[in-house]
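As structure tokens, the structure follows; a few thoughts come after it.
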Amino acid sequence: MRLLREAYYIILGFLQMLGAAGFFLAQMLRHVPKALMRPRLIFQQVFNVGAMSLVLILIAGLFVGMVMGLQGYNTLSKFAATSALGTLVALSLLRELGPVVTALLFAGRAGTALTSEIGLMRATEQIAGMEMMAVDPVQRIVVPRFLAGVISMPLLVGIFNAVGLLGGYLVGVVLMGVDAGAFWGQIHGTVDLHEDFWTGVIKSVVFGIATTLVAVFEGYYAHPTAEGVSRATTRTVVNSALLVLALDYLLTAFMF
Amino acid sequence: MKQTRTIEIVTGFFIILGFVALYVIATSATNIKAYSEGGGYTVTASFTNVGGLKLRAPVTIAGVAVGNVTNVRLDPRTFNAIVSIRINSSYNQIPDDSSASILTSGLLGEQYIGISPGGSETFLKNGSKIQFTQSAIILENLIGQFLFNKASSGSK
Amino acid sequence: MTTEEHKHSDNVVEITGLKYRVGDKAIFDRLNISIPRGKVTAIMGPSGTGKTTLLRVMTGQVLPDRGRVMVEGRNVARLTTGELYELRTQMGFLFQNGALFTDSTVYENVAFPIREHTRLPEALIRHIVLMKLQAVGLRGAAAMMPTELSGGMARRVALARAIAMDPKIIFYDEPFVGLDPISMGVIVRLIRVLNDSLGLTSIIVSHDVDEVNAVSDQSYLISNGKVVAYGTPEELEHNKSAWVRQFMKGLADGPVPFHYPAPDYASQLLGEVDT
């Protein structure tokens, strides 16, 4: 019974967050044209948000690809279908693992950084200071970070997938001895440019919007205390993860 | 100032790396050739059953991909499936008495069309029809046939 | 009477009948305050009387429940965001902790409002920034990061940033809190000098009686959401009210008792009342 009530409150809180974040998104979108006039601010944030996540994504992508190669080989070899390993690795990465795992890592690495940065600016009155200098903090602080997240995510997913494929190739072909021609030939034959590649890119853009929105939203409305900021950071990870997984199901159901 | 330059260089590197990764995947890990090579010629073949053959399924000769399936439709009079096949223009000397069969890669894999070349001196061209075809092997039918044979031989 | 009328017509800030509540607690109850142009006006009161809130009401960061807040002849509560921002370009605001941007240098902090609001060439921005930093005596610290500054220096940098756009009004939120005597003296002098040389109107919120007396032209004393006393430092010094005397002299006991209301000590020790 207590468990049920707890779940009820989690869902209620999640819905409330979603609604408030929706309003915040609308507020941000109004400022996007003006923010685009100052691309320098956005690219500074692409460094903070995207480039700083690069190493993590490279390592994670390689390992995910290698695990896929190993597991796929073990399973497929029971059906004497190891030639389909390339298809298995490529489709899993492009359609699901690439966007989802990248988004989850992104929430943990870049999302938390954004939340705590904006939250601390709130706590140290830097945001109020900006308002007093007649500078809109949403336009100056939040929107460039949001756009940077939306730009960075598909790029990170692309890198993750490329490295993942390499990992799968290394384990499957180099280590386990699957024929390289079959590995790539199967990929060329079955991975569809539109159905698999572009839908993956669309997913990554949607996840980029979702995770960055949650991060800047939680930061901007964080309670301006040390505890408030740390709670907001935790919420960023939890809510981003839930949102990404829920959106993943919806997008998969709609697009495939 | 030196620090900002480093940041700018790393950011630029990251953006280029991201786009290169996406480009490499799109061009070398998908069936982009099936879309990009608008050239080539289209032939048709009719099958009594195409099984699970899908659009853009590969078409091979001796295991080498030479084209792909562009359309599958039903002939309303004969109730046969008419499959349109686009073949890359570089493979323009396929004998016109070749046969097409629907095959399966592995026991449970994707289905594709394999073309076995004939010996004719004239070649397939745009609009040609492949005369000799072999339909997809439906696993259930095979099993059903096998059981039926067993049963009938048992009753003798 | 004529001088009084003249003063009235040239008030930068005019607050009438201000009411503001947080939950059940009334922060301001029909508060009236007017702040004359070109002077240094202090608003004093015990901690927790909402002095900082009053500054936020004047600058439109907080909307009053009732009452009229006129700044430069404009009703702050009625302005759109755009109009409010326009009004704020004439205001400087010194936050208690400085509110400097921790990720950019002192120079960039002072340059920030200029870069945001103008399209001046870099050479001109440099001139302005160095001039403002010179005014607060920190031109030598231009390349430092805010985290490397002492509290007093951070506040002076924030002051330089607040006057970067040549405002007409400048608000000081507790400018003397947590400073050593030397820094305190520096800030006191800066407030006076900037006010007179730049022709500003300065509004200080503080409870540091000595420093306020050293710098202000007149002071308001507020308590329990109302103005308790008003006048020049000398007038307040000789005010007859016991409460004003207690506050100005900093006495531990008086109308504001030393003890927070509590049950009788002896009976509580004997366990006759619950703690």
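By convention in this document, chain letters (A, B, ...) are assigned in the order of the sequence lines, proteins followed by strands, and residues within each chain are numbered from 1. Predicted model only: the values in this text are computed from it and were never measured. Side chains are part of it too, since the values below use all heavy atoms of this structure and drop only hydrogens, waters and symmetry mates.
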Let me know if A:L94 has heavy atoms under 4.5 Å from chain B in its side chain, its backbone, both or neither. side chain

Given a strict heavy-atom distance threshold of 4.5 Å, which part of A:T87 is in contact with chain B: side chain, backbone, both, or neither? neither

Chain A contact via B:Y112 - side chain, backbone, both or neither, heavy atoms under 4.5 Å: neither

Considering only heavy atoms from C-beta outward, does the side chain of A:D196 approach that of B:T30 to under 4.5 Å? no

What's the spacing between A:L155 CG and B:L17 CG if we round to 0.5 Å? 9.0 Å

Tell me, side chain or backbone of A:Q44 under 4.5 Å from chain B's heavy atoms, or both, or neither? neither

What are the two closest non-hydrogen atoms of B:S28 and A:W184, and how far apart are they? O-CE3, 4.1 Å

CD1-CD1 distance between B:I15 and A:I151, expressed to the nearest 0.5 angstrom: 7.0 Å

Any idea which of A:A90, A:A84, A:G50 has the most non-hydrogen atom pairs under 4.5 angstrom with chain B? A:G50

Would you mind telling me which of A:V46, A:N161, A:V191 has the largest number of heavy-atom pairs within less than 4.5 Å of chain B? A:V191

Non-hydrogen atoms of chain B under 4.5 Å away: do they reach the side chain of A:V201, the backbone, both or neither? side chain

Does the side chain of B:V10 come within less than 4.5 Å of A:L54's, by heavy atoms? no

Working to the nearest 0.5 angstrom, can you tell me the gap between B:I25 CD1 and A:I187 CD1? 10.0 Å

Check each atom of A:F43 against the heavy atoms of chain B and say whether the ones under 4.5 Å are side chain, backbone, both or neither. both

Do other residues, nucleotides or ligands put more than 12 heavy atoms under 6.0 Å from B:F123 CZ? yes

